[in-house]
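So the structure is just underneath, and the comments pick up after that.
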Amino acid sequence: MAEDEDDDGPLPDLPNVEDYDEVRMRCAPNPNGPWHLGSARMPAVIGTYKQMYDGWMLVRFDDTDPETKRPDLSAYDEIIEAVEYLGFEPDEVLKASDRVETYYEHARDLIDAGGAYTCSCSGEDFSELKNDGEPCPHRDKDVETTREEFAAMVDGEYSAGEMTLRVKTDIDHKNPALRDWVAFRMVDTPHPREEASEYRCWPMLDFQSGVDDHLTGVTHIVRGIDLQDSAKRQRFLYDYFDWEYPEVVHWGHVQIDAYDVKMSTSTIKELVDQGELDGWDDPRAPTVASVRRRGIRGEALVDAMLELGMSTSDVDLAMSSVYAKNREYVDEDATRRFLVRDPVEVPIDGEGPASAHPPLHPDFEDRGDRDIPVGDALVLEPGDVPDAGDRVWLKGLGCVEAVDGGDALAFTDDDLSVVTDGDVDVVHWAPADGPTVRMRTMDGDEHGVAEPGLVDHAVDDVVQFERVGYARIDDLDFDGDADVQTYFAHP
RNA sequence: GCUCCGUUGGUGUAGUCCGGCCAAUCAUUUCGGCCUUUCGAGCCGAUGACCUGGGUUCAAAUCCCAGACGGAGCACCA
């Protein structure tokens with residue numbers, strides 16, 4: 001890879017990079033729950049830009065709403081873990097709820113600059129005036145009164161809804177979304193973090209994030225189109241403070257196919273609470289934790305996210321694209337194993353080998369062979385059981401024919417040519433007394449019997465169940481309804 | 001209603017700023033073939049797209065106008 005030049009990297013260039021000594025970016029999640037897959041796009045892109053430009057990345061928890069987007073105390077760590085799983089390391093981690101005093105200080109400065117006023121209008125009243133381009137009666141309040149009332153807000157002397165601090169922008173700006181927006185409001189519910197539980201006066205995102213971006217020297221902001229107007233609102237703030245606004249790039253929303261569950265933190269949380277999902281890492285949940293548990297590499301997710309590019313239109317991420325990327329990472333290390341789902345037990349008689357020795361990995365013969373005993377009965381998947389008189393080739397073992405009206409199998413003396421000629425299908429199989437397996441998939445749990453060697457793996461190994469697909473070994477000491485629990489990744 | 005933004009094959013993307021080299025790139029998907037005692041990988045091949053209508057021009061995916069469709073914001077959410 002070329003080191004410099006615009007030799008196309010994995011992402012389009014950020015604007016005006018040459019104007020800055022260092023590209024500094026932030027990933028600003030709301031810790032109101034663990035991450036869904038869409039959230040992974042932010043660290044994937046920002047982390048990649050960090051690598052492209054040898055830049056700096058901050059993870060800043062924008063946890064300034066203790067009520068409607070109430071932080072989940074365990075989500076802070078889970079989000080950092082998710083970032084690391086994706087392969088990135090934040091240079092710094094901040095929590096907005098630790099920085100409330102800083103926001104207050106800037107609010108006071110803004111008030112002194114004549115840039116804000118306390119307002120006791122109800123939401124509806126203000127909205128009505130605003131939509132007509134009319135100032136509210138509080139707009140011309142003198143600075144001293146605003147100072148006092150803001151101090152009272154900070155002291156918690158108002159209840160929710162009674163008082164706000166508004167930034168004075170342009171009350172008849174042609175875009176109604178930009179007119180005199182709220183910078184601080186009262187929240188009665190204490191913040192779940194002990195350290196922040198006394199605050200009642202909380203900044204809104206546009207204020208908090210605007211101040212923090214400047215204070216942390218952020219040069220490039222990457223965010224969703226839902227925050228398109230944010231930059232425009234914050235520019236008023238930056239003008240009052242005489243700050244330079246960072247470069248901004250917006251992208252569209254991501255949808256992910258293949259899931260029945262809506263990709264929204266609140267929806268997933270609800271399903272988990274109701275027990276519809278077995279936690280955030282349920283394979284049916286469109287979450288980072290879920291694909292991780294399935295053995296999908298963070299890098300694969302990142303690669304697929306990067307292919308979505310940076311367009312502002314909404315995009316659909318095909319999980320097949322994630323799977324394609326993941327195969328490239330895991331195939332080489334994925335030991336081949338047999339797993340027979342919905343096993344049908346069939347006795348096997350006649351003369352034949354006592355065991356089979358297919359390779360652990362066909363591309364790496366030097367890794368050795370498996371040892372699969374045959375016994376007097378084996379299991380096949382229902383669709384693989386031959387009808388009476390038909391033959392199948394038991395992979396690694398040999399050709400068998402259905403005898404006794406289809407109730408048993410007997411070895412034939414056919415050689416491999418029957419397979420290469422296309423007359424006989426090759427199927428996977430397992431001894432009937434092999435370890436039982438529960439395999440969790442996006443479409444529900446499957447049960448099966450595997451070859452004995454499966455228990456020799458370690459947790460977290462990704463294996464390839466031949467003719468089934470890749471799966472991660474999850475629990476070798478499973479106390480549920482099987483000996484081993486696995487999570488299916490993808491074909 | 002007001003204000004932004006977007007629209008290239010099934011999916012995503014390149015190209016659009018500075019019109020011609022674009023009968024449109026790459027990836028994925030799907031389907032064939034080769035190889036293979038699975039699946040995958042690998043190799044070969046196929047299907048498949050410039051939202052619509054006008055205009056400018058020798059020439060438009062690219063510029064202009066209009067429209068359609070889609071998304072976002074107009075919160076004391078982030």
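By convention in this document, chain letters (A, B, ...) are assigned in the order of the sequence lines, proteins followed by strands, and residues within each chain are numbered from 1. Since the structure is predicted, the reported quantities are computational estimates derived from the model, not experimental observations.
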**Study point:** Distance-only side-chain donor-acceptor flag, A/Ser417 / A/Asp415, under 3.5 Å
**Key:**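 Yes, A/Asp415 and A/Ser417 have a side-chain donor paired with an acceptor closer than 3.5 Å.
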
Point to revise | Distance-only donor-acceptor check, side chains A/Glu381 and A/His428, under 3.5 Å | key: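 A donor-acceptor contact under 3.5 Å links the two side chains.
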
Under 4.0 Å between any heavy atoms, over every strand shown, what does [X] touch: base, sugar-phosphate, or nothing? Just pick one.
{"X": "A/Thr164", "value": "base"}
{"X": "A/Cys121", "value": "base"}
{"X": "A/Phe338", "value": "nothing"}
{"X": "A/Leu178", "value": "nothing"}
{"X": "A/Asp314", "value": "sugar-phosphate"}
{"X": "A/Ser122", "value": "base"}
{"X": "A/Asp363", "value": "base"}
{"X": "A/Gly123", "value": "base"}
{"X": "A/His253", "value": "sugar-phosphate"}
{"X": "A/Leu205", "value": "base"}
{"X": "A/Pro29", "value": "nothing"}
{"X": "A/Arg336", "value": "base"}
{"X": "A/Gly161", "value": "base"}

Please tell me if [X] has a side-chain N or O lying less than 4.0 Å from either OP1 or OP2 of [N].
{"X": "A/Ser313", "N": "B/G70", "value": "no"}
{"X": "A/Arg185", "N": "B/A78", "value": "yes"}
{"X": "A/Thr64", "N": "B/A78", "value": "yes"}
{"X": "A/Lys130", "N": "B/C2", "value": "no"}

Exercise for review: Examine A/Arg341 relative to A/Phe465 and say whether NZ or CZ is less than 6.0 Å from the centre of the six-membered ring and inside a 45° cone about the ring axis.
Suggested key: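 The answer is no, since A/Arg341 fails at least one limit relative to A/Phe465.
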
Review point. According to a 3.5 Å limit on both distances, what stems of 3 or more consecutive Watson-Crick or G-U pairs are formed with RNA chain B?
Key: B:1-7 with B:68-74, B:10-12 with B:26-28, B:30-34 with B:42-46, B:51-55 with B:63-67

Exercise for review: Report yes or no: is there a donor-acceptor pair, N or O only, under 3.5 Å between the side chain of A/Gln228 and the base of B/C5?
Suggested key: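 Per atom types, no contact qualifies.
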
Among [options], which is the nearest nucleotide to the side chain of [X]?
{"X": "A/Asn175", "options": "B/C39, B/G73, B/G12", "value": "B/G73"}
{"X": "A/Lys325", "options": "B/G40, B/C74, B/A27", "value": "B/A27"}
{"X": "A/Ser311", "options": "B/G12, B/U13, B/G73", "value": "B/U13"}
{"X": "A/Glu307", "options": "B/A27, B/C4, B/A78", "value": "B/A27"}
{"X": "A/Lys174", "options": "B/C4, B/G6, B/G73", "value": "B/C4"}
{"X": "A/Pro176", "options": "B/G73, B/U37, B/A78", "value": "B/G73"}
{"X": "A/Asp226", "options": "B/U3, B/A78, B/C4", "value": "B/A78"}
{"X": "A/Val426", "options": "B/U11, B/U37, B/G12", "value": "B/U37"}

Review point. Just how far is it from atom CG of A/Leu165 to atom CE of A/Met204, taken to the nearest 0.5 Å?
Key: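 The CE atom of A/Met204 is 11.5 Å from CG of A/Leu165, to the nearest 0.5 Å.
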
Review point. Do other residues, nucleotides or ligands put more than 12 heavy atoms under 6.0 Å from the CD atom of A/Glu195?
Key: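 Count over threshold, so yes.
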
Review point. Of A/Ser321 and A/Ser127, whose closest RNA chain B nucleotide lies nearer the 5' terminus?
Key: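 Taking each residue's closest nucleotide, the earlier one in sequence belongs to A/Ser321.
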
Revision key, fill the gap. The answer to which of A/Ala324 and A/Ile225 contacts RNA chain B further toward the 5' end, by nearest nucleotide, is A/Ala324

**Study point:** Same-atom distance (P) from B/U29 to B/C39, integer angstrom
**Key:**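 After rounding to an integer number of Å, I get 15 Å for this pair.
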
SB check [X] [Y] (cutoff 4.0 Å):
{"X": "A/Arg60", "Y": "A/Asp213", "result": "yes"}
{"X": "A/Glu307", "Y": "A/Lys325", "result": "yes"}
{"X": "A/Glu466", "Y": "A/Arg370", "result": "yes"}
{"X": "A/Arg336", "Y": "A/Asp331", "result": "yes"}

Study note, to complete from the structure: note: A/Trp181, atom CH2; B/A78, atom P; distance rounded to Å ~ 12 Å

